Amino acid sequence: MIEFVRNVRVWFAPERIREDGGTPDYRFSLANERTFLAWLRTALALIGGGFAVDQFLPDLRWGWRVGLALGLLAAGVLCSLRAVNHWVRCERAMRRGDDLPVSRFPALLSVVIAIVAVAMVAVVLFGWKG
């Protein structure tokens with residue numbers, strides 16, 4: 001928990017990352033930044049999908065529509081927060097010469113998206129209207 005709080009501080013003061021270890025090859029830092037931006041694009045797509053479900057499926061039963069939309073929106077929020085935390089963790093590991101951190105988040109995100117997708121397939125196939 002202490003490490004997480006320390007990471008959150010770096011989110012808003014990224015120059016503090018220089019306090020850990022030496023400067024890695026800039027290509028690795030740029031690759032880490034591109035990965036961060038890819039996670040943010042994924043988060044934006046999930047948030048957009050959540051709004052699309054809510055706005056473009058008005059005939060869908062309220063509970064289903066809100067549940068699917070909130071699932072996608074929550075995944076987008078978690079994805080954006082995970083992106084910045086993972087960026088900090090990777091940058092620190094590269095500066096220290098440690099192994100890059102592992103995470104279960106990609107598997108969790110995949111499962112959540114798969115559940116929402118299966119629910120949406122069921123809605124399309126069975127046409128559950130309000």
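Worth saying up front: this structure is predicted, and the values here are computed from it rather than measured. Numbering starts at 1 and runs along the sequence shown.
- Applying the side-chain contact (heavy atoms from CB on, under 4.5 Å) criterion to Leu78, with sequence neighbours excluded, gives Phe105.
- Scanning both residues, Asp54 and Ala69, for their nearest heavy atoms gives CB-CB, 4.0 Å.
- The two residues Val112 and Gly71 come nearest to each other via the heavy atoms CG1-O, 4.3 Å.
- Put simply, the side chain of Asn7 reaches to within 4.5 Å of the side chain of Arg92, judged on heavy atoms.
- Atom CG of residue Leu68 and atom CG of residue Leu57 lie 8.0 Å apart, to the nearest 0.5 angstrom.
- Shortest non-hydrogen contact noted between Arg65 and Val53 is CG-O, 3.6 Å.
- Annotation: the span from Leu125 atom CG to Met120 atom CE amounts to 12.5 Å, rounded to 0.5 Å.
- Smallest separation of non-hydrogen atoms from Ala43 and Ser80: CB-N, 3.7 Å.
- Side-chain contact check for Thr35 versus Trp87: every heavy-atom pair is 4.5 Å or farther apart.
- Across every non-hydrogen atom of Pro101 and His86, the tightest pair is O-CE1, 3.9 Å.
- In the hydrophobic clustering of ILVMFWY residues, with side-chain heavy atoms under 4.5 Å counting as a link, Met94 and Val10 come out apart.
- Both Trp62 and Phe51 belong to a common hydrophobic cluster when Ile, Leu, Val, Met, Phe, Trp and Tyr are linked at side-chain heavy-atom distances under 4.5 angstrom.
- Separation of atoms CD1 (Ile17) and SG (Cys90) is listed at 10.0 Å; rounding is to 0.5 Å.
- Interatomic distance, CZ of Arg82 versus CG of Leu40, reported as 11.0 Å (0.5 Å rounding).
- Closest non-hydrogen pair, Gly76 versus Ile47, comes out as CA-CG1, 3.9 Å.
- The environment of CG in Asp25 is crowded: more than 12 heavy-atom neighbours from other residues, nucleotides or ligands sit within 6.0 Å.
- Within the model, atoms CH2 of Trp11 and CG of Leu81 stand 5.0 Å from one another, a figure rounded to the nearest 0.5 Å.
- Leu44 is not connected to Phe36 by any chain of hydrophobic side-chain contacts under 4.5 Å among Ile, Leu, Val, Met, Phe, Trp and Tyr, and they are in different clusters.
- Just one of Arg89, Arg95, Arg96 meets the salt bridge (charged side-chain N to carboxylate O under 4.0 Å, His left out) condition when paired with Asp20; it is Arg96.
- No chain of hydrophobic side-chain contacts below 4.5 Å, direct or via other Ile, Leu, Val, Met, Phe, Trp or Tyr residues, connects Phe28 to Val84.
- Note that CZ of Arg41 and CG of Leu46 are 13.0 Å apart. Values are rounded to the nearest 0.5 Å.
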